[in-house]
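Quick note: residue numbers are just sequence positions, from 1.
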Amino acid sequence: MSDTYFEFGTSADRWDRAQMFFEAKEYMTAARILEGLVEEAPEQVSPRLLLARAYYHSARLGRAETELRAVLVRDPVEHYARLMLGRTLERQGRSAEATGHLRMAAAFSGDLDFDADRTGL
């Protein structure tokens with residue numbers, strides 16, 4: 001990351017800034033900020049999950065998959081990460097691989113009829 005205002009401030013300041021850019025649909029900028037936060041605290045799930053979402057929405061699906069798998073190593077029952085991984089795999093044309101993750105996400109969230117509710121990420 002180059003010296004820009006994005007990397008200045010506390011972790012909390014940068015987290016707030018990343019969320020602001022994500023909500024404004026500036027996914028690449030949000031990802032740039034979040035990459036630094038994830039590097040600083042790789043054990044934290046929330047920044048990594050938002051980074052995966054930013055990658056997903058900016059069609060950087062390989063990177064989204066990598067981050068989602070890292071989230072699931074840390075928290076195997078994180079149902080939203082399972083859902084996102086399933087959707088990411090589907091978007092890459094890997095439907096067979098996606099099905100297991102989508103079913104697990106549905107089970108973890110209590111929605112056993114996962115095909116009926118295909119909401120967006």
Side-chain angles (χ1 to χ4, degrees):
M1 191 182 299
S2 65
D3 284 342
T4 64
Y5 84 95
F6 301 128
E7 64 188 15
F8 294 107
T10 65
S11 295
D13 292 337
R14 288 178 287 137
W15 171 248
D16 290 341
R17 196 174 302 128
Q19 289 180 305
M20 178 191 71
F21 279 108
F22 185 88
E23 290 169 11
K25 299 182 182 191
E26 295 287 337
Y27 302 119
M28 297 293 282
T29 304
R32 199 163 126 195
I33 299 164
L34 290 161
E35 287 165 353
L37 289 172
V38 166
E39 187 177 311
E40 289 174 21
E43 73 285 352
Q44 292 187 357
V45 170
S46 294
R48 194 176 290 273
L49 188 54
L50 189 58
L51 177 57
R53 290 178 66 198
Y55 285 152
Y56 178 89
H57 286 294
S58 60
R60 296 162 77 184
L61 302 177
R63 288 183 178 201
E65 180 182 349
T66 298
E67 293 304 326
L68 291 165
R69 291 188 187 280
V71 167
L72 292 171
V73 164
R74 288 161 178 78
D75 187 356
V77 296
E78 168 46 67
H79 78 278
Y80 192 70
R82 288 272 174 207
L83 173 65
M84 280 191 64
L85 181 56
R87 298 287 171 77
T88 300
L89 294 169
E90 281 181 331
R91 203 166 158 195
Q92 294 178 68
R94 296 160 59 191
S95 296
E97 191 178 347
T99 300
H101 293 288
L102 294 172
R103 285 192 175 141
M104 280 190 274
F108 292 149
S109 71
D111 178 17
L112 299 179
D113 187 20
F114 81 95
D115 285 327
D117 182 30
R118 302 293 294 203
T119 58
L121 297 173

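By the 4.5 Å side-chain criterion applied to Ile, Leu, Val, Met, Phe, Trp and Tyr, V77 is assigned to a cluster that also includes M104, F108.
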task: Begin from the C-alpha positions of E90 and R94 and carry the test salt bridge (charged side-chain N to carboxylate O under 4.0 Å, His left out) through to its verdict.
output: CA-CA 5 Å; E90 281 181 331; R94 296 160 59 191; over 6 Å; no

message: Checking L49 against M84 for the side chain to side chain contact (heavy atoms under 4.5 Å, CB included) test, could you report, in this order, the C-alpha distance in whole Å, the side-chain angles of both residues, the deciding distance, and whether it holds?
response: CA-CA 9 Å; L49 188 54; M84 280 191 64; 4.2 Å; yes

- request: Verify side chain to side chain contact (heavy atoms under 4.5 Å, CB included) between L83 and H101, making sure each step is shown before the conclusion.
  value: CA-CA 6 Å; L83 173 65; H101 293 288; over 6 Å; no

query: Between Y56 and R63, does a side chain to side chain contact (heavy atoms under 4.5 Å, CB included) hold up when you go through it step by step?
result: CA-CA 8 Å; Y56 178 89; R63 288 183 178 201; over 6 Å; no

task: Test salt bridge (charged side-chain N to carboxylate O under 4.0 Å, His left out) on E97 and R69 and set out the steps.
output: CA-CA 13 Å; E97 191 178 347; R69 291 188 187 280; 2.8 Å; yes

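Residue L68 holds its CG atom at 9.5 Å from CD of E78, rounded to the nearest 0.5 Å. Rounded to the nearest 0.5 Å, atoms CG (L51) and CD1 (I33) are 11.0 Å apart. The CD atom of E43 sits 13.5 Å away from atom CG of D75, with the distance rounded to the nearest 0.5 Å. One finds the CH2 atom of W15 at 13.5 Å from the CE atom of M20 (value rounded to the nearest 0.5 Å). Residue S46 holds its OG atom at 11.0 Å from CG of L37, rounded to the nearest 0.5 Å. Note that CG of L50 and CG of L34 are 5.0 Å apart. Values are rounded to the nearest 0.5 Å.
For P76, the side chain to side chain contact (heavy atoms under 4.5 Å, CB included) partners are R82, not counting sequence neighbours.
The backbone N or O of A70 lies less than 3.5 Å from no partner atom in the side chain of R48, so there is not a single donor-acceptor pair. When atom types are taken as modelled, the side chain of R74 and the backbone of P42 share a donor-acceptor pair closer than 3.5 angstrom. A donor-acceptor pair is defined here as one N or O able to donate and one able to accept, closer than 3.5 Å; no such pair exists between the side chain of R60 and the backbone of A54.
The closest side-chain donor-acceptor pair between E35 and Y55 falls under 3.5 angstrom. One side chain, S11 or R14, offers a donor N or O that lies under 3.5 Å from an acceptor on the other.
Between Y27 and F22, the ring planes lie perpendicular to each other; the angle is over 60°, past the 30° to 60° tilted range.
Residues F21 and M28 are not in side-chain contact: their nearest non-hydrogen atoms beyond the backbone lie 4.5 Å or more apart. Looking at heavy atoms from C-beta onward, R53 lies in side-chain contact with Y80 at the 4.5 angstrom threshold.
For the pair A98 and G86, the tightest heavy-atom approach, listed with the atom from each and the gap, is CB-O, 3.1 Å.
In the displayed structure, E39 atom CD is contacted under 6.0 Å by at most 12 heavy atoms of other residues, nucleotides or ligands.
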